[in-house]
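Working notes for the structure below.
Counting starts at 1 for both ligands and their atoms, following the listed order.
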Amino acid sequence: MRIRVLGSAAGGGFPQWNCGCPNCRGVRAGTIRATPRRQESIAVRSDGTGWFLLNTSPEIREQIESFPGLHPQAPRHSPIQAIVLTNGDLDHTLGLLSLRESHPLVVYATERMRRGFTEGNVLYRTLQRFPGQVTWRALSLGSESELAGVDGKGSGLWIEAVPVPGKLPIHLESQGVGDPEDNIGLRIREAATGRRLAYFPAAGGLTPMVGKALDDADCVFFDGTFWSGDELPAQGLGTKRADDMAHLPVGGPGGSLAALHGLRASRRIYIHVNNTNPLLREDSPERKEAEAAGWEIAGDGMEVSL
Ligand SMILES: [Zn+2]
Ligand SMILES: [Zn+2]
């Protein structure tokens, strides 16, 4: 299995357009040891097949251009076989609307996510210009199915959606109560090698099902949004705490770094890192603590071969 990180930042990216926090100012000015990052998305493939995107960020066009593996090989062509969504937040879905140039798309999502994106969304009509422009394939929680592209041919990658504590996208918060289908993590198994990826970019907490998916994996990507619960209020950036936004912080006694210390995965990588997070600074004590525990911090362009 080959994995390519297209974007490693949380919503807003790094730096974020309206943010003057010390990290964002420092990376703009070149005065801190940190690298800009696009919003979270990765591409995955097994040998001999095209790429499957996990999430499509608002920066999808640049992300495709940044990676030759995703460039067309014919006058009208894309190596992108399908897109898999982990929740309905705009930083994970808005890129779909940018892929509107009359190209057939396959999107894997839970039924809740599909409805949340398509119902009452006038802009979705841009993806309904011809019959079959978008084929939605339903992910049901806890069952494994083989990923396939537009032609329906199997990819050799088997996927399972795992419910993860989360929340509704902000634009749907007034529309109802949450559901386990609103936020998922993914287990992806390569049939030929048996190698497993666990992809959990947004996790409000750990459950036995999440723990099992992480325990079984050879490579783990996990929610690295915030180092601490009060990261935003402490920097004068509003009142929301990490748990209000359904993100388990990395640091501290109740954080993921402590909770996930026993994982056997040879690659453990924090992704979906918010621009305020001290992990972005290559020389910060928090970064050193995470690295000493065997974790890496995802950067754009990072590749993993499993
Ligand atoms: Zn996000
Ligand atoms: Zn910032």
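Ring pair Trp136/Phe117 is tilted by interplanar angle, where 30° to 60° counts as tilted.
Protein N/O/S atoms closer than 2.8 Å to the Zn ion (ligand 1), listed by chain and residue number, are Asp91 OD2, His92 NE2, His272 NE2. Inside a sphere of radius 2.8 Å centred on the Zn ion (ligand 2), the protein N/O/S atoms present are Cys19 SG, Cys21 SG, Cys24 SG, Asn275 OD1.
Put simply, the residue from Leu232, Asn274, Thr225 that forms a side-chain contact (heavy atoms from CB on, under 4.5 Å) with Met245 is Leu232. Just one of Thr56, Val5, Leu6 meets the side-chain contact (heavy atoms from CB on, under 4.5 Å) condition when paired with Ser41; it is Leu6. Evaluated for a side-chain contact (heavy atoms from CB on, under 4.5 Å) with Leu147, the options Leu157, Val44, Val106 yield exactly one hit, Leu157.
For Arg125, the side chain to side chain contact (heavy atoms under 4.5 Å, CB included) partners are Val122, Gln128, not counting sequence neighbours. Listed by chain and number, the residues in a ring pair (Phe, Tyr, Trp, His ring centres under 6.0 Å) with Tyr270 are Trp295 (sequence neighbours excluded).
Although no hydrogens or angles enter the test, the distance criterion places no donor-acceptor pair under 3.5 Å between the side chain of Glu190 and the main chain of Arg195.
Asn87 and His92 form a side-chain donor-acceptor contact under 3.5 Å, judged by distance and modelled atom types alone.
Between His103 and His77, the ring centre distance reaches or exceeds 6.0 Å.
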